[in-house]
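All remarks here apply to the structure that follows.
This is a predicted model, so every value here is computed, not measured. Order of appearance sets the numbers: ligands from 1, and atoms from 1 within every ligand.
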Amino acid sequence: MVRDTDPRLTTPRSEPYAPARRTPIWRRPFPPPPPPLRRGPFAPGAIRTAGRSEALSAWLGLWLGLAFGICLVTGLISHGIQHPPGWFSWPTRPVSLYRVTQGLHVATGLATVPLLLAKLWAVHPNLFRWPPVRDAADALSRGTLLLLVGGAVFELASGVLNTARLYAVMGFAFPAAHFWTAWITTGALVIHVAAQATTVRRVLRQRHRPSTALPPSDAADASDAGFTRRAVFVTVAAAAGVVTLATVGQTVRPLAGTSALAPRRPDLGPQGLPVNRSAAGAGVRTTATHPGYRLVVAGPRPLRLSRAALAAFPQHTAELPIACVEGWSASARWTGVRLRDLLAEAGIASDVDVTIESLQRAGAYRVSTLPAAFAQDPLTLLALRLNDEMLDLDHGFPCRLIAPNRPGVLQTKWVARIEVAR
Ligand SMILES: Nc1nc2c(c(=O)[nH]1)N[C@H]1C(S)=C(S)[C@@H](COP(=O)(O)O)O[C@H]1N2
Ligand SMILES: [Mo]
């Protein structure tokens with residue numbers, strides 16, 4: 001009996017059965033960085049961890065993930081309408097659907113700013129941990145985190161600059177950069193969520209069993225700083241609420257008055273509607289007011305119509321919103337000629353897409369394409385009047401396109417030519 005427990009006897013016998021315990025290559029520790037590099041935020045004790053906890057990070061992460069999901073879906077919708085892949089089709093009804101999805105996109109993005117700041121505050125001690133990378137697997141996960149943090153900060157910052165129309169500050173093509181960075185961020189987020197799933201589940205279970213106390217480190221952290229996780233949440237929620245109240249009036253008219261931070265008021269502008277690009281800005285002041293102006297509808301029976309000739313067509317009125325991708329939107333009363341009447345008159349078939357071209361010579365939004373369903377919709381007008389007055393030069397005089405459920409960028413102003421899309 002005694003001999004059996006003798007390590008000299010048992011050890012050699014059990015050894016052949018134990019698996020070979022070799023550290024996989026991605027888990028082999030890197031050589032430690034030279035200690036003099038451990039300075040600034042990396043210095044021991046440089047960053048206080050009081051008030052931060054796993055549970056706080058997990059909850060903030062959940063809310064961020066939800067907000068990010070809303071932004072991604074609504075953003076992809078907006079992108080899909082403007083650059084439709086073959087399988088994508090967007091309905092013409094309800095007329096204000098895009099107004100809602102894009103309003104949600106911008107409002108959610110803005111409300112996410114305080115959430116992201118709180119999350120970065122909660123996790124930033126991890127960013128400056130020592131050693132920065134332990135092994136190859138750690139390097140991969142840390143690299144993913146950098147992409148996630150960088151991507152999220154870029155999306156929110158560029159989005160805010162866009163709503164403020166500070167394109168000049170950006171110096172890059174906003175739509176392409178915002179779109180591709182969204183994909184990079186999404187990829188990093190999926191990896192991050194998979195890596196954190198166990199922690200998040202544990203934290204959620206704690207929440208659903210209120211009798212379970214917080215882990216000791218949690219409770220200690222919270223009391224150290226003299227505030228609780230609840231206080232952090234209340235602060236973040238309040239900040240998000242203030243941001244929303246201060247900006248959502250750019251799209252929700254009754255709140256226009258509280259919108260101190262909104263770049264646009266939906267009721268300020270000629271004829272009670274904001275202007276995005278003015279006639280002077282588009283360089284069309286002369287051509288749009290010239291008596292020789294003619295609208296060309298290039299079909300089997302080509303039309304060349306003066307503004308008076310357009311006014312002689314049956315006139316229709318529709319209440320439709322301008323919903324700018326930048327986040328402001330406003331509804332207005334438009335009166336003019338049904339596009340489908342003009343197309344029929346020119347002999348253009350009812351099942352083709354058409355392009356609408358502006359007098360404007362250059363610029364991304366001088367041409368738009370209307371899918372056949374939009375071109376044939378009875379609410380799609382070449383508007384001559386706005387809110388019962390002659391269309392203001394800045395709103396697209398002599399005539400502008402207005403169609404239901406479309407982004408503002410596709411509601412072409414100062415229309416000069418209509419033809420079948422190639
Ligand atoms: N020709 C032309 N049409 C245009 C634009 C433009 O730059 N050029 N801007 C578009 C954008 S971005 C928006 S939001 C709407 C705004 O219409 P409004 O200025 O009449 O409010 O017009 C659209 N039509
Ligand atoms: Mo716009």
Side-chain angles (χ1 to χ4, degrees), residues 74-75 77-79 81-83 96 98-99 101-103 105-106 159 161-167 173-175 178 250-251 253 256 262-289 293 295-296 318-336 339 354-370 374 380-418:
T74 50
I77 287 174
S78 187
H79 187 87
I81 301 170
Q82 293 174 66
H83 311 276
S96 292
Y98 180 79
R99 187 183 188 183
T101 64
Q102 191 62 10
H105 182 79
V106 173
L161 290 177
N162 178 255
T163 62
R165 312 177 74 224
L166 292 169
Y167 294 97
F174 168 80
H178 199 67
Q250 64 180 332
T251 186
R253 190 111 169 203
R264 285 309 188 75
R265 289 217 18 192
D267 50 353
L268 291 189
Q271 300 171 325
L273 186 73
V275 166
N276 237 35
R277 183 175 296 278
S278 66
V284 298
R285 287 191 70 95
T286 317
T287 45
T289 51
Y293 165 85
L295 168 70
V296 173
E319 177 85 29
L320 291 173
I322 294 275
C324 183
V325 291
E326 291 159 358
W328 65 269
S329 69
S331 194
R333 248 171 83 82
W334 307 92
T335 304
L339 182 64
V354 295
T355 55
I356 312 287
E357 200 181 317
S358 174
L359 288 169
Q360 194 183 338
R361 308 302 312 178
Y365 306 125
R366 57 177 292 279
V367 187
S368 69
T369 299
L370 269 172
F374 284 81
T380 299
L381 305 177
L382 270 190
L384 306 175
R385 302 176 67 78
L386 164 55
N387 290 336
D388 304 317
E389 292 169 15
M390 195 201 288
L391 195 61
D392 190 278
L393 185 55
D394 285 335
H395 283 305
F397 178 93
C399 71
R400 70 100 45 89
L401 176 71
I402 184 80
N405 200 21
R406 299 240 301 166
V409 288
L410 301 180
Q411 310 278 30
T412 311
K413 303 196 275 192
W414 316 290
V415 177
R417 187 182 167 87
I418 299 172

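When all heavy atoms of R277 and A282 are compared, the closest pair comes out as CD-CB, 3.7 Å. Across all their heavy atoms, L391 and P398 have their closest contact at CD2-O, 4.3 Å.
Counting only N and O atoms by type, the side chains of T412 and S368 include a donor and acceptor under 3.5 Å apart.
Proximity of a side-chain donor or acceptor of W334 to a complementary backbone N or O of P321 within less than 3.5 Å is not detected.
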Report each N/O pair between ligand 1 and the protein that falls under 3.5 Å, naming both atoms.
| from | atom 1 | to | atom 2 | distance (Å) |
| --- | --- | --- | --- | --- |
| ligand 1 | 1 (N) | S358 | OG | 3.2 |
| ligand 1 | 1 (N) | Q360 | OE1 | 2.9 |
| ligand 1 | 1 (N) | K413 | O | 3.4 |
| ligand 1 | 3 (N) | K413 | N | 3.0 |
| ligand 1 | 7 (O) | R277 | NE | 3.2 |
| ligand 1 | 8 (N) | Q360 | OE1 | 2.7 |
| ligand 1 | 17 (O) | R400 | NH2 | 3.1 |
| ligand 1 | 19 (O) | N276 | N | 3.0 |
| ligand 1 | 19 (O) | K413 | NZ | 2.5 |
| ligand 1 | 20 (O) | H395 | ND1 | 2.6 |
| ligand 1 | 20 (O) | R400 | NH1 | 3.0 |
| ligand 1 | 21 (O) | P274 | O | 2.6 |
| ligand 1 | 22 (O) | R400 | NH2 | 3.4 |
| ligand 1 | 24 (N) | Q411 | O | 2.9 |

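For the atom pair N276 CG and H395 NE2, the distance stands at 10.5 Å (nearest 0.5 Å). Considering OH of Y98 and CD1 of I77, their distance stands at 9.5 Å, rounded to 0.5 Å.
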